Amino acid sequence: MSQQQFDRRRDSGAGDGPEPDATPPPTAPAAQHAQRDEALDSLLDEIDGVLETNATEFVHGFVQKGGQ
Amino acid sequence: MSGSAPVGVGRVMGIETELGITSTQRDAAGQPVTPMVLSGQVVRAYAAGAPAGAALPAAAGWDYADETPLRDARGFEMARALAHRSQLTDVEDPTIATSVLSNGARFYVDHAHPEYSSPEVTSPLAAVRWDRAGEEVALAAVRTLAEEGLEVRLYKNNVDGKGASYGTHENYLVPRSVPFDRLAAALIPFLVARPVIAGAGRVGLGQASERPGFQLSQRADYLEAEIGLETTLRRPIVNTRDEPHATPHLHRRLHVIVGDATMADVTTYLALGSLSAVLRVVETHPHLLDGLALARPVAAAQQVSHDPTLRATVELADGRHLTGLDLLEAHLDAAEQAAVSGHEAWGDPAEEPTGPVLRRWREVLDTLRRDPSEAAGQVEWVAKHQLLQRFSERSGAGWDDPRLAAMDIQWHDLDPDRGLARRLRAAGRLDRLVGDDEIAHAVAHPPEDTRAWFRGEVVRRYGAGGGVRAASWDSVVLVDGRGRLRRVRVEEPTGGRRDTVADLLDRHTDAAGLLSELSSEDV
């Protein structure tokens with residue numbers, strides 16, 4: 001068993017030619033972030049109905065006994 | 001005994017989880033029902049509501065004989081002798097309810113929390129599977145109670161944000177031959193850094209959330225010592241409890257008390273996989289971990305946990321400064337190097353379970369180094385941080401806003417509708433490693449390659465009606481043909497496996513039949 005299976009990351013910078021799975025991300029970071037925010041927004045909209053309406057009271061009431 | 005010992009990142013392991021519990025129930029005097037009573041309801045309800053054969057009744061008992069602190073005083077004869085009734089906890093009192101499940105787990109009341117202690121498994125992936133099964137067990141109990149008109153909510157977290165913390169403990173079987181001080185020295189810097197890939201995230205800094213903010217770990221602020229025996233006070237990074245529940249001269253049960261309860265599959269997987277890998281390095285190539293000792297470990301645990309940018313550095317004993325990512329990378333480098341050394345304890349490093357764990361560990365570290373937010377599908381604290389941060393951007397809520405604290409708590413609610421982690425999992429935003437079918441199977445069935453198989457199968461096949469009276473990690477107490485209690489010990493964690501005892505169980509329809517064939521032999 002060779003070490004290369006774990007070492008792809010370090011080898012890819014060592015000049016053996018480009019690794020096919022080391023291609024740059026297809027979209028620019030800004031576009032990616034916008035996409036992510038959009039997905040998060042739709043998720044937040046979706047869970048809006050189950051979020052505690054009285055957060056202060058809910059947080060105040062969540063009291064546990066210490067354990068291990 | 002046939003079969004080979006687990007290799008690489010495989011080893012006997014398991015996870016115990018104390019669940020947070022709330023209810024609006026009031027007693028006859030109008031007072032809130034205590035968490036002890038509520039926890040008892042949960043355990044009783046699972047045993048009562050589960051299908052036939054799924055669990056021993058909560059009043060059946062736990063065999064505490066192997067858990068006395070007087071281990072050295074107990075002789076071999078004692079271990080094989082008849083069990084005395086006084087050694088079993090007969091639970092008329094619901095607040096000490098305990099049940100042994102057909103999947104080999106223990107579900108019981110630990111002080112003021114219901115606790116699910118998973119069966120012994122031999123790989124990180126199996127640990128994830130039986131940990132998720134525990135979520136379903138708890139949820140089934142909540143649903144049974146709801147049908148009875150009793151409202152209870154369970155939370156798979158470790159803090160209430162007001163000073164109380166309760167544990168998720170991992171257990172790893174380690175050869176007794178490895179010196180404990182060497183284990184501890186290797187584990188301290190690793191456990192300080194592990195929340196970077198294994199934290200569940202938490203809103204609030206300080207034990208009682210005295211300061212606003214977000215941190216990686218639920219538990220970091222509750223660590224107060226480097227090494228110690230306690231689990232509830234002055235919690236140590238490395239716990240020295242030595243109660244192996246296994247052949248004592250061969251094994252140590254390493255009890256890790258600093259981890260978070262996690263709901264993201266990859267997070268749970270890497271938490272156990274990375275730690276098991278580090279243990280294997282300590283066993284085979286301890287020098288590879290030299291030079292990673294920290295100058296001030298307890299403070300470092302908090303520094304790492306309090307920095308979601310992952311840029312904070314901690315000081316090493318040799319004066320270097322490394323980030324949590326740097327530390328984990330050093331541990332992974334060591335594991336990779338040891339894995340390909342040819343040492344037989346590593347087995348084939350490309351195969352399950354080792355190859356997938358080390359590759360996934362590397363991928364996640366690379367992703368976190370590039371941009372932590374890209375690891376939201378794998379690392380639970382990142383997923384929580386991202387969701388809460390977006391909420392904050394839209395609503396203007398700061399980290400001191402109760403809405404974020406509420407979302408933090410609600411993240412861990414086991415209810416699939418209300419629980420935010422469960423919602424993300426269902427929406428495909430947390431990568432899954434185990435499917436719903438596998439989880440359902442793991443609720444009812446034990447792992448096949450440890451003694452949990454014997455424990456779970458006697459419960460499933462014979463049950464209380466068939467003479468199964470109680471169990472513990474290394475024993476099952478059965479009723480023989482003359483009505484006497486007999487203890488069958490399975491001291492080796494990889495004894496009592498399916499391949500060694502299935503024929504025996506197949507030949508009998510109850511415990512008395514089984515005992516007639518066993519005489520006093522251990523399984």
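In what follows, chains carry the letters A, B, and so on, assigned in the order in which the sequence lines appear, proteins first and then strands, with residues in each chain numbered from 1. Bear in mind the structure is a predicted one, so any value in this text is a computation, not a measurement.
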Q. So does A:Glu52 pair up with B:Arg418, basic N to acidic O under 4.0 Å?
A. yes
Q | Atom group of B:Ile21 that falls short of 4.5 Å from chain A, counting heavy atoms | A | both
**Q.** Which portion of B:Tyr155 sits near chain A, non-hydrogen atoms under 4.5 angstrom
**A.** side chain
Q) So what's closer than 4.5 Å to chain A heavy atoms on B:Leu387: side chain, backbone, both or neither? A) both
Q: Identify which part of B:Asn239 has an atom lying under 4.5 Å from any heavy atom of chain A, answering side chain, backbone, both or neither.
A: neither
Q. Just by distance, do the side chain of B:Lys162 and the backbone of A:Phe62 share a donor-acceptor pair under 3.5 Å?
A. yes
Q) Measuring heavy-atom distances to chain A, does B:Glu374 have an atom under 4.5 Å in its side chain, in its backbone, in both, or in neither? A) both
Q: Measure the spacing between CG of A:Leu43 and CZ of B:Arg390 and express it to the nearest 0.5 Å.
A: 12.0 Å
Q | Contact origin within B:Leu424 toward chain A - heavy atom pairs under 4.5 Å | A | side chain
Q. Can you say whether B:Asp371 sits under 4.5 Å from chain A via the side chain, the backbone, both, or neither, judging by heavy atoms?
A. side chain
Q. Which region of B:Glu363, side chain (C-beta onward) or backbone (N, CA, C, O), has a non-hydrogen atom less than 4.5 Å from a non-hydrogen atom of chain A, or is it both or neither?
A. neither
Q | Donor-acceptor contact present, side-chain B:His113 to main-chain A:Gln64, <3.5 Å | A | no
Q) Going by an N to O cut-off under 4.0 Å, is there a salt bridge joining A:Asp45 and B:Arg394? A) yes
Q) By a 4.5 Å heavy-atom criterion (distance strictly below it), what part of B:Arg370 contacts chain A: side chain, backbone, both, or neither? A) neither
**Q.** Rounded distance (nearest 0.5 Å) linking atom CG of A:Leu51 with atom CZ of B:Arg403
**A.** 10.0 Å
(Q) Is B:Ser373 close to chain A through its backbone or its side chain, or both, or neither, when contacts mean heavy atoms under 4.5 Å? (A) both
